[in-house]
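Here the structure comes first, spelled out in structure tokens, and everything after it is commentary.
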Amino acid sequence: MRIATWNVNSLKARLERVEEWLEYAQPDVLCLQETKMADKNFPAMAFSALGYESVHHGYNQWNGVAILSKVGIEDPQNGFGDGVENPYADDARMLSATCGRIRIVSVYVPNGREVPSEFYDRKLVWFERLAEWLDANHIPSDPVVITGDFNVAPDDRDVWSPKAFVGSTHVTEPERAAVRRLEDWGLVDLFRARYNGDGLYSYWDYRRGDFHQGRGMRIDLVLGSQPVAERSTWAIVDRNARKGKQPSDHAPVVVDLTD
DNA sequence: ATGGTAGAGGGTCTA
């Protein structure tokens with residue numbers, strides 16, 4: 001089973017590239033972030049023509065998440081559920097569904113903008129809600145994958161220049177602690193579990209030629225519970241998808257599991 | 001010195 005995540009930075013602008021990539025990479029499940037569209041504009045037919053069922057959660061031109069699957073989509077749920085106070089209640093940043101007997105969660109964690117800021121504070125609260133959702137809905141022996149754009153570089157290997165980022169969002173200790181809390185619960189960073197090196201990024205700013213200069217960050221993660229991690233055989237960032245005409249600023253992250 | 005690019009929409013806002 002192949003699971004992938006990709007922040008596409010507008011599905012409208014990226015649809016052709018996503019279609020091409022699906023045919024090339026053949027993931028069983030693809031989680032999308034930053035679709036930047038309302039549900040009524042989601043191109044479900046284009047994906048169904050390629051053999052994918054899909055669900056989307058989006059209100060407007062901001063954020064928006066989706067799950068595409070060739071192995072079924074059961075019990076889709078938007079957000080954290082009823083009765084949970086969401087610090088980004090007006091945004092669509094989390095969508096979960098069961099695909100091929102794994103509970104898949106597509107997340108687009110708030111960016112946080114500046115440190116300090118009200119947005120940064122609410123990013124940390126959003127992370128708390130995610131950890132609470134996980135604990136309330138699952139036990140570590142469940143097959144669960146939380147994947148998407150976490151807007152956190154888990155450690156200094158995950159940024160091109162730790163010095164350039166001191167004090168900035170994505171690298172602060174509270175943000176990293178929020179990711180560690182998920183790992184302490186029992187989730188494994190499936191890409192990092194296979195590769196120790198630095199320079200293995202999933203996002204590069206559009207500006208200053210950052211991609212071609214190798215100035216990136218690894219902020220797109222695939223976190224799997226132990227039953228999933230035990231099945232993990234391979235992981236990669238498809239950097240080719242960041243090249244060429246009108247790329248997203250993120251590349252897809254792909255993991256393979258034994259069936 | 002707060003630059004630069006891309007995508008939303010049709011102002012600037014978000015990243």
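Note on naming: letters A, B, ... go to the chains in the order of the sequence lines (proteins, then strands), and numbering restarts at 1 for each one.
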Ring-ring centroid check W204(A) H212(A), cutoff 6.0 Å
no
Contacts satisfying ring pair (Phe, Tyr, Trp, His ring centres under 6.0 Å) that involve residues 86-120 of chain A (not counting sequence neighbours) are none
Rounded to the nearest Å, what distance is computed from the [atom1] atom of residue [X] to the [atom2] atom of nucleotide [N]?
| X | N | atom1 | atom2 | value |
| --- | --- | --- | --- | --- |
| W204(A) | dA6(B) | CH2 | P | 16 Å |
| R208(A) | dT5(B) | CZ | P | 10 Å |
| E114(A) | dC13(B) | CD | P | 14 Å |
| R207(A) | dT2(B) | CZ | C1' | 10 Å |
| I219(A) | dA15(B) | CD1 | C1' | 10 Å |

Pick base, sugar-phosphate or nothing for F211(A), based on heavy-atom distances below 4.0 Å to the nucleic acid.
nothing
Under 4.0 angstrom, heavy atoms only, what part of the nucleic acid is R242(A) near: base, sugar-phosphate, or nothing?
nothing
Please say whether more than 12 non-hydrogen atoms of neighbouring residues, nucleotides or ligands are located less than 6.0 Å from OH in Y195(A).
yes
Derivation of the side chain to side chain contact (heavy atoms under 4.5 Å, CB included) call for W234(A) and R2(A):
CA-CA 9 Å; W234(A) 191 70; R2(A) 173 166 289 173; 3.8 Å; yes
Residue pair P247(A)/N7(A) against DNA chain B: nearer the 5' end by closest nucleotide is P247(A)
